[in-house]
Structure formats: structure tokens, C-alpha cells
A.B. asks: 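Below is one structure. I have some questions about it.
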Amino acid sequence: MKGHKGWLDIPIMAAPRGKPSSKRPLWILVLLSLVCLSLIVVYLHPPQQYSSCYLLSKVCDHLDYWLPPVPARVLTDEELISKAVIGDILSMQFPHKNSSKIAFMFLTAGSLPFEKLWEKFFLGNDGRFSIYIHSSREKPIHVSPLFIGRDIRSEKVSWGQISMVDAEKRLLANALQDADNQYFVLLSDSCVPLHNFDYVYDYLMETNISFVDCFEDPGPLGAGRYSENMLPVIEKKDWRKGSQWFSIKRQHAILLLSDSLYYTKFNFFCKPHMEGNRNCYSDEHYLPTLFNMVDPTGIANWSVTHVDWSEGKWHPKLYRAEDITFELLKKIKSIDENFHVTSEAKKVIMQKPCLWNGTRRPCYLFARKFYPEALENLMNIFSNYTDF
């Protein structure tokens, strides 16, 4: 055939330089396999200065960079309303005025055995304090004129029940009626002052935080009281514990009264004799958990009211007349570290300095669990020593 070329006549092209592309994935797989094998070896036999958990966390950190972000949970209408209201309240400013007062709110079963001592504490400071008394069992008999007419409408309070929180809110609602009340101190009938009025006034008025006790207890008397019925509003990681005896600024007092979202959860799911034969006490968890969630940097994480749990019993140490000495009160006044102990079998002691405006200072302004019989000795000490 004329002009025809067979397939052998087709010119052969030069092969491209370099290695064949078909083999490239094989080398990549080999390299990745070596890297993974090295990571496994290092993880199982880490160098002495690093732990396998540390190395794994570093690997996970790099993986997190490539993973898509976890979508935020869609808030309910109630949560959105609460977030808006609380955010607005926290942005409020209440400047210190010459007429500013501290509201001293006494939560008691009946009469106040230390009225005379408190009278000595208050005298000469008219216009700088106000008094409110919530008596849950019987109408108090007052021995000091400063306390006459200071009772508010009260209801029965049961230990461990939400009614304890209700009484606290009732006191705050009454005290907030006075626009000059800028700080609010909750006290019991067994509380006594540790310093003179000027010291207490300056300590509270010259700081911008509230003194709410708050710590994380992973043990049965802390996280063990949490109920998953509180989800999604309150997660277990947010759960906190602390003493109920607070001292809070006006901003936080308004916040407590405005809250219904978190209060409702505690009302239904934190009470004695819950499922699983567990007990939960709202007065020990409501305020610490709430402030840990909405304003953790606005609280000091300790209470300025001292109580001694060193005996390791279900109840704190009680002070009788023979226990009351100048040395005892001076010792309590000098404490400048706050302590928290977890309820695990292996109890963990957490110890931190009490920082007031960034400076280490004594922690306590008041102390509690004094028997009524201690009144005379306390009066003598407060009368004979001017540094109180």
C-alpha cells in the first residue's frame, strides 16, 4: 500500500524525567506509616521529661486545629431572656456616695442573743447601716432599740430546703427598697463582729467584688449532689459549693432577685431525699453555681464570715463562754488564707490567700457559731480593746 506506515513506524516519545508518577502515593504511604509508628513508640515509651498524656494532648491540639468547631447549643427563650437581663444588670454602675449604707440582714429562728454586742458595734455610725431581721419561727424580743421595728414579713424556713434561699431573697427584696443600701451582708443569730464598724465599712465599700464562697468539690457532697435534670441550663462542670453566708454588692443583689431560670432548676432538682437516696441543699449550691456561671470574676470565692470545720464533724465548732478569749478572736482575725476541703475519700485541701483589691489581707469580718452564753465575755473584750 502506497504511503502507509505501520504502527512500528510511529515515533517513540522520550520518557519524562524523574520517577514515574504512579509510584508517588506508595512513597507517601510509607512515609506516613513511619511517622505513625514513631508516634506510637514515643507514646508508649516517652522520654523521661515528658508524659504520654502530655504528648497525646499535643497531638490532639494539632488535630483540633483542623477539626470543624463544635456548633454552639441553641439557647431556649428562657435562657436568652436571662442572659439579656443578667448582662444588663452586670453593666450597671453604682458609684459610692457619702450616704451609702451596708444592709445587715439577720436570718434567725427567733430572738437575737447578741443584740447588745451588735448595738456596741453600730453605735456612732448612724446613716451608714440599716438592719433587717427575718425570723422564721417566733417573733423576736428585742433588747436593743436599734433592732426594734426592723423585722420583715417572714415565713417558715426548713433546713436544707429551698425555703432558705427564699428567706435570703426576701431579706434582699426588703433591703433593696432603700436606694442608699449599697452592700448586703447575710448574718445568722450566732454571728458576731470581729472588727469595729469603720474597718468593716471600708473593707466592703472600697472593693468592687462580692464575697461569695465558691469552690469545686468532685466528691459525694459536692458533684455527687448534681442532677442531670438540670441540663441543659446547668452542666455538671459548672456545679459549685460554698457557704451561704454572703456579703454582696447591690449589682449582685439585684441579679439574685431577677433570676428565675437557675432558681427554678434548684427548686425542682436540688432538695433532700432525691433519686438514688441523695441529698442536695440549695443554700450550699445555688449562689456559688449561679455566680460561677454568670460572673466568676466578680466574686472573691470565700465568705468574710468565719466558721471552724477543723473538728471534722457534720457541724462546725461551737464556741462556749469558756472558749472566748482575746487570743481566740485575735487568731481568727489574723487568718489571711481561705481553706476548702473536698468530700472525697482522699480529702483534698485547697488553700489560697485572701486577696483584697490584689493585696493579701485578713479574710474575715465576722464569725459564727457562738453560744448565747458567750455574750458577757464578748462584751468585755469589745469594751476593753480598742483595736476591734
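Scope of the values below: all heavy atoms of this structure, side chains included, with no hydrogens, waters or symmetry mates. These numbers were taken from a predicted model, which means no experiment stands behind them.
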A.B. asks: Is the closest side-chain donor-acceptor distance between Glu79 and Thr76 under 3.5 Å?
C.D. replies: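 Their side chains do contain a donor-acceptor pair, which is all the 3.5 Å distance test asks for.
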A.B. asks: Apply side chain to side chain donor-acceptor pair (under 3.5 Å) to Asn267 and Tyr286, showing your working.
C.D. replies: CA-CA 10 Å; Asn267 186 24; Tyr286 171 58; over 6 Å; no
A.B. asks: Using 30° and 60° as the class boundaries, would you call the ring planes of Trp159 and Tyr281 parallel, tilted or perpendicular?
C.D. replies: tilted
A.B. asks: Parallel under 30°, tilted from 30 to 60°, perpendicular over 60°: which one fits the rings of Tyr203 and Phe211?
C.D. replies: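 Tilted, since the angle between the ring planes falls between 30° and 60°.
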A.B. asks: For atom NZ of Lys331, decide whether the heavy atoms of other residues, nucleotides or ligands shown that lie under 6.0 angstrom number more than 12.
C.D. replies: no
A.B. asks: Do Asp166 and Tyr263 get their side chains close enough for a donor-acceptor pair, meaning under 3.5 Å?
C.D. replies: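 A pair is found: one side chain offers a donor N or O, the other an acceptor, under 3.5 Å apart.
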A.B. asks: In Å, rounded to the nearest 0.5 Å, how long is the span from CG of Asp295 to CG of Leu255?
C.D. replies: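 Reported to 0.5 Å precision, the distance equals 7.5 Å.
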A.B. asks: Any donor and acceptor pair, going by atom type alone, linking the side chain of Lys249 with main-chain N or O of Asn208 inside 3.5 Å?
C.D. replies: yes
A.B. asks: Would you say Asp178 and Ser130 are linked by a side-chain donor-acceptor pair, where the criterion is simply a distance under 3.5 Å?
C.D. replies: no
A.B. asks: How long is the straight-line distance from CD1 of Ile381 back to NZ of Lys330, given to the nearest 0.5 Å?
C.D. replies: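 That separation rounds to 12.5 Å.
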A.B. asks: Could you measure the distance from the CG atom of Asp189 to the CZ atom of Arg368? Nearest 0.5 Å is fine.
C.D. replies: 8.5 Å
A.B. asks: Indicate, with yes or no, if Leu117 and Leu187 share a hydrophobic cluster defined by side-chain heavy-atom contacts under 4.5 Å among Ile, Leu, Val, Met, Phe, Trp and Tyr.
C.D. replies: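 Yes; Leu117 is reachable from Leu187 via cluster members.
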A.B. asks: So does Asp238 get a backbone contact from the side chain of Asn292, meaning a donor-acceptor N/O pair under 3.5 Å?
C.D. replies: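 Such a contact is found between Asn292 side chain and Asp238 backbone.
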A.B. asks: Walk me through it: do Thr108 and Ser136 pass the test side-chain contact (heavy atoms from CB on, under 4.5 Å)?
C.D. replies: CA-CA 6 Å; Thr108 177; Ser136 63; over 6 Å; no
A.B. asks: Got a sec: does the NZ of Lys83 have more than 12 other heavy atoms crowding it under 6.0 Å?
C.D. replies: no
A.B. asks: For residues Tyr262 and Met293, determine if any side-chain heavy atom of one lies less than 4.5 Å from a side-chain heavy atom of the other.
C.D. replies: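 Touching, per the 4.5 Å side-chain cut-off.
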A.B. asks: Counting N and O atoms only, with roles assigned by atom type, does the side chain of Glu344 sit under 3.5 Å from a partner on the main chain of Gly219, one being a donor and the other an acceptor?
C.D. replies: no
A.B. asks: Suppose we call two aromatic rings close when their centres sit under 6.0 Å apart. Are Phe291 and His252 close by that rule?
C.D. replies: yes
A.B. asks: For residues Thr305 and Cys191, determine if any side-chain heavy atom of one lies less than 4.5 Å from a side-chain heavy atom of the other.
C.D. replies: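 Yes, at least one pair of side-chain atoms sits under 4.5 Å.
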A.B. asks: Any side-chain to backbone donor/acceptor pair from Glu373 onto Phe370? Under 3.5 Å, distance only.
C.D. replies: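 Not at all, since once roles are kept as given, no pair shorter than 3.5 Å links the two residues.
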A.B. asks: Is Leu365 close to His195 at the side-chain level, that is, under 4.5 Å between some pair of heavy atoms?
C.D. replies: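 In short, these two side chains touch, coming nearer than 4.5 Å.
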A.B. asks: Let me know which of Arg240, Met164, Lys241 forms a side chain to side chain contact (heavy atoms under 4.5 Å, CB included) with Glu284.
C.D. replies: Lys241
A.B. asks: Side chains of Thr325 and Asn377: closer than 4.5 Å at any heavy-atom pair?
C.D. replies: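 A side-chain contact is absent here, since even the closest heavy-atom pair is not under 4.5 Å.
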A.B. asks: When you compare the side chain of Val348 with that of Val341, does any pair of heavy atoms fall below 4.5 Å?
C.D. replies: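 When only atoms from C-beta onward are counted, Val348 and Val341 do not touch, as no gap falls below 4.5 Å.
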A.B. asks: Please answer whether the main-chain N or O of Met92 pairs with a side-chain N or O of Gln251 as donor and acceptor at a distance below 3.5 Å.
C.D. replies: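 Yes, Gln251 side chain to Met92 backbone: donor-acceptor pair under 3.5 Å.
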A.B. asks: Rounded to the nearest 0.5 Å, how far does CG of Leu231 lie from CZ of Arg73?
C.D. replies: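 Between Arg73 CZ and Leu231 CG, I get 8.5 Å after rounding to 0.5 Å.
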A.B. asks: Where do His285 and Phe266 land on the ring pair (Phe, Tyr, Trp, His ring centres under 6.0 Å) test, with the steps shown first?
C.D. replies: CA-CA 9 Å; His285 297 282; Phe266 277 87; 7.4 Å; no
A.B. asks: Side chains of Ser303 and Val212: does their closest heavy-atom pair fall under 4.5 Å?
C.D. replies: no
A.B. asks: Tell me which one of Phe114, Phe129, Tyr201 satisfies ring pair (Phe, Tyr, Trp, His ring centres under 6.0 Å) with Phe122.
C.D. replies: Phe129
A.B. asks: In plain terms, say whether Glu155 and Arg137 are close enough for a salt bridge, that is, a side-chain N and a carboxylate O under 4.0 Å apart.
C.D. replies: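 No, Glu155 and Arg137 are not salt-bridged.
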A.B. asks: Nearest 0.5 Å please: distance from the CZ atom of Arg225 over to the OG atom of Ser343.
C.D. replies: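 Here the rounded value is 7.5 Å.
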A.B. asks: Among residues at least two apart in sequence or on other chains, which ones pass side chain to side chain donor-acceptor pair (under 3.5 Å) with Asp151?
C.D. replies: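 His142.
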A.B. asks: Please check this pair: side chain of Trp302 against backbone of Cys363, looking for a donor-acceptor N/O pair closer than 3.5 Å.
C.D. replies: yes
A.B. asks: Answer yes when Lys97 and Asp180 have at least one side-chain N-carboxylate O distance shorter than 4.0 Å, and no when they do not.
C.D. replies: yes
A.B. asks: Can you confirm whether more than 12 heavy atoms, excluding those of Lys139, are under 6.0 Å from its NZ atom?
C.D. replies: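 Atom NZ in Lys139 is not crowded, with 12 or fewer foreign heavy atoms closer than 6.0 Å.
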A.B. asks: Does Ala173 offer a backbone N or O that forms a donor-acceptor pair with the side chain of Gln177 under 3.5 Å?
C.D. replies: yes
A.B. asks: Contact between Phe382 and Pro193 at the side-chain level, heavy atoms closer than 4.5 Å - yes or no?
C.D. replies: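 Of all side-chain heavy-atom pairs linking Pro193 with Phe382, at least one is under 4.5 Å.
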A.B. asks: Looking at Pro140, is its backbone amide N or carbonyl O close enough to the side chain of Ser111 to form a donor-acceptor pair, meaning the two atoms are under 3.5 Å apart?
C.D. replies: no
A.B. asks: With a 6.0 Å cut-off (strictly less than), is the heavy-atom count around CZ of Phe268, excluding the residue itself, greater than 12?
C.D. replies: no
A.B. asks: Does the side-chain contact (heavy atoms from CB on, under 4.5 Å) test come out yes or no for Phe246 and Glu168, once each step is laid out?
C.D. replies: CA-CA 10 Å; Phe246 60 75; Glu168 295 169 5; 3.8 Å; yes
A.B. asks: Hey, are the side chains of Leu176 and Asn181 touching, using non-hydrogen atoms and a 4.5 Å cut-off?
C.D. replies: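 Not in contact.
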A.B. asks: Between Lys116 and Glu119 (salt bridge meaning N to carboxylate O under 4.0 Å), is one present in this structure?
C.D. replies: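 Salt bridge flag = yes for Glu119 with Lys116.
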A.B. asks: Using a strict threshold of under 4.0 Å (side-chain N to carboxylate O), is an ion pair present between Arg128 and Asp198?
C.D. replies: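 Yes.
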A.B. asks: Go through it in stages, so that I can follow the logic: the residues are Arg361 and Asp336, the test is side-chain contact (heavy atoms from CB on, under 4.5 Å), and I'd like the CA-CA distance, side-chain angles, deciding distance and then a yes or no.
C.D. replies: CA-CA 6 Å; Arg361 286 191 65 174; Asp336 61 1; over 6 Å; no
A.B. asks: Step by step, work out the side-chain contact (heavy atoms from CB on, under 4.5 Å) result for Leu287 and Asp213.
C.D. replies: CA-CA 8 Å; Leu287 262 69; Asp213 194 26; over 6 Å; no
A.B. asks: According to the interplanar angle, ranging from 0 to 90°, do the rings of Phe104 and Phe197 count as parallel (below 30°), tilted (30 to 60°) or perpendicular (above 60°)?
C.D. replies: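 Phe104 and Phe197: tilted rings.
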A.B. asks: CD1 of Ile324 to CG of Leu378: how many Å apart, nearest 0.5 Å?
C.D. replies: 5.0 Å
A.B. asks: Are Leu204 and Ile335 connected in the hydrophobic side-chain network, where two residues link if heavy atoms are under 4.5 Å apart?
C.D. replies: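 Yes: a chain of side-chain contacts under 4.5 Å links Leu204 to Ile335.
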A.B. asks: Are Ile102 and Ile248 grouped together when hydrophobic residues (ILVMFWY) are joined by side-chain heavy atoms under 4.5 angstrom apart?
C.D. replies: no
A.B. asks: Is there a continuous path of hydrophobic side-chain contacts, each under 4.5 Å between heavy atoms, that joins Phe366 to Val307?
C.D. replies: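 Each belongs to a different hydrophobic cluster.
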A.B. asks: Going by the side chain to side chain donor-acceptor pair (under 3.5 Å) test, which pairs reach into residues 345-354, not counting sequence neighbours?
C.D. replies: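 Residue pairs with at least one partner in residues 345-354: Glu337-Gln351.
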A.B. asks: Once you measure the plane-to-plane angle for Phe121 and Trp118, does it fall in the parallel (<30°), tilted (30-60°) or perpendicular (>60°) bin?
C.D. replies: perpendicular
A.B. asks: For the pair Ser135 (side chain) and Glu138 (backbone), establish whether a donor and an acceptor sit closer than 3.5 Å, ignoring hydrogens and angles.
C.D. replies: yes
A.B. asks: Counting N and O atoms only, with roles assigned by atom type, does the side chain of Asn357 sit under 3.5 Å from a partner on the main chain of Thr207, one being a donor and the other an acceptor?
C.D. replies: no
A.B. asks: Inspect the surroundings of CD in Glu322 and state if more than 12 heavy atoms from other residues, nucleotides or ligands are less than 6.0 Å away.
C.D. replies: yes
A.B. asks: Is there a path from Phe147 to Leu107 through hydrophobic residues (I, L, V, M, F, W, Y) whose side chains come within less than 4.5 Å of each other?
C.D. replies: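 No, separate clusters.
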